[in-house]
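As the structure is a prediction and not an experimental result, all values here were calculated from the model.
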Amino acid sequence: MKYQVILSKSVRRQLKRLPGNVRNIAHQQIISLANEPRPGNAKELEGHPAHYRMWIMGKFRLVWYVSEDEQSVEWAGEYQFYVRLNERL
């Protein structure tokens with residue numbers, strides 16, 4: 001079952017600011033979450049059910065929320081935001 005990946009403008013802006021090689025890896029990982037929202041290299045955040053994180057190149061991380069009800073992956077940016085814009089990658 002395919003999930004919808006939802007990104008806000010602020011998260012898209014953050015992704016654009018990443019270094020080129022990190023941005024490419026992050027983009028590939030984000031796209032792959034539509035098919036597998038809980039990949040093997042992701043960990044669920046303690047105390048935050050259905051929130052996951054994945055490290056990229058040791059110092060960058062992706063944080064997201066998986067909604068089973070809506071079949072969607074919503075992004076929590078590297079800093080402080082949750083996202084809720086219905087835009088697909």
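- Judged by distance alone, the side chain of Arg23 and the main-chain N or O of Lys16 form a donor-acceptor pair under 3.5 Å.
- Within the 4.5 Å cutoff, no side-chain heavy atoms of Ile6 are placed close to those of Val73.
- Exactly one of Gln14, Arg12, Arg13 qualifies for a side-chain contact (heavy atoms from CB on, under 4.5 Å) with Leu7. That residue is Arg12.
- Once rounded to the nearest 0.5 Å, the distance linking CZ of Arg17 with CG of Leu15 reads 9.5 Å.
- A single hydrophobic cluster is seen to contain both Met57 and Met54, as judged by linkage of ILVMFWY side chains at heavy-atom distances under 4.5 Å, directly or through other members.
- A 6.0 Å sphere centred on CD of Glu68 holds more than 12 heavy atoms belonging to other residues, nucleotides or ligands.
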Problem set entry | Test side-chain contact (heavy atoms from CB on, under 4.5 Å) applied to His48 and Glu44, step by step | CA-CA 8 Å; His48 299 280; Glu44 188 167 19; over 6 Å; no
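- The heavy-atom pair separating Ser8 from Ser10 by the smallest distance is OG-OG, 2.9 Å.
- Put simply, the side chain of Tyr3 reaches to within 4.5 Å of the side chain of Val66, judged on heavy atoms.
- A donor-acceptor pair under 3.5 Å is absent between the side-chain atoms of Gln71 and the main chain of Lys2, judged by distance alone.
- In this structure the side chain of Phe60 reaches within 4.5 angstrom of the side chain of Leu18, judged on heavy atoms.
- Considering all non-hydrogen atoms of both residues, Arg61 and Trp55 come closest at CB-CE3, 3.7 Å.
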Atom pairs and distances, side-chain donor-acceptor, residues 28-36, under 3.5 Å, sequence neighbours left out:
residue	atom	partner	partner atom	Å
Ser32	OG	Gln29	O	2.7
Glu36	OE2	Arg38	N	3.4

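- A donor-acceptor contact shorter than 3.5 Å links the side chain of His51 to the backbone of Pro49.
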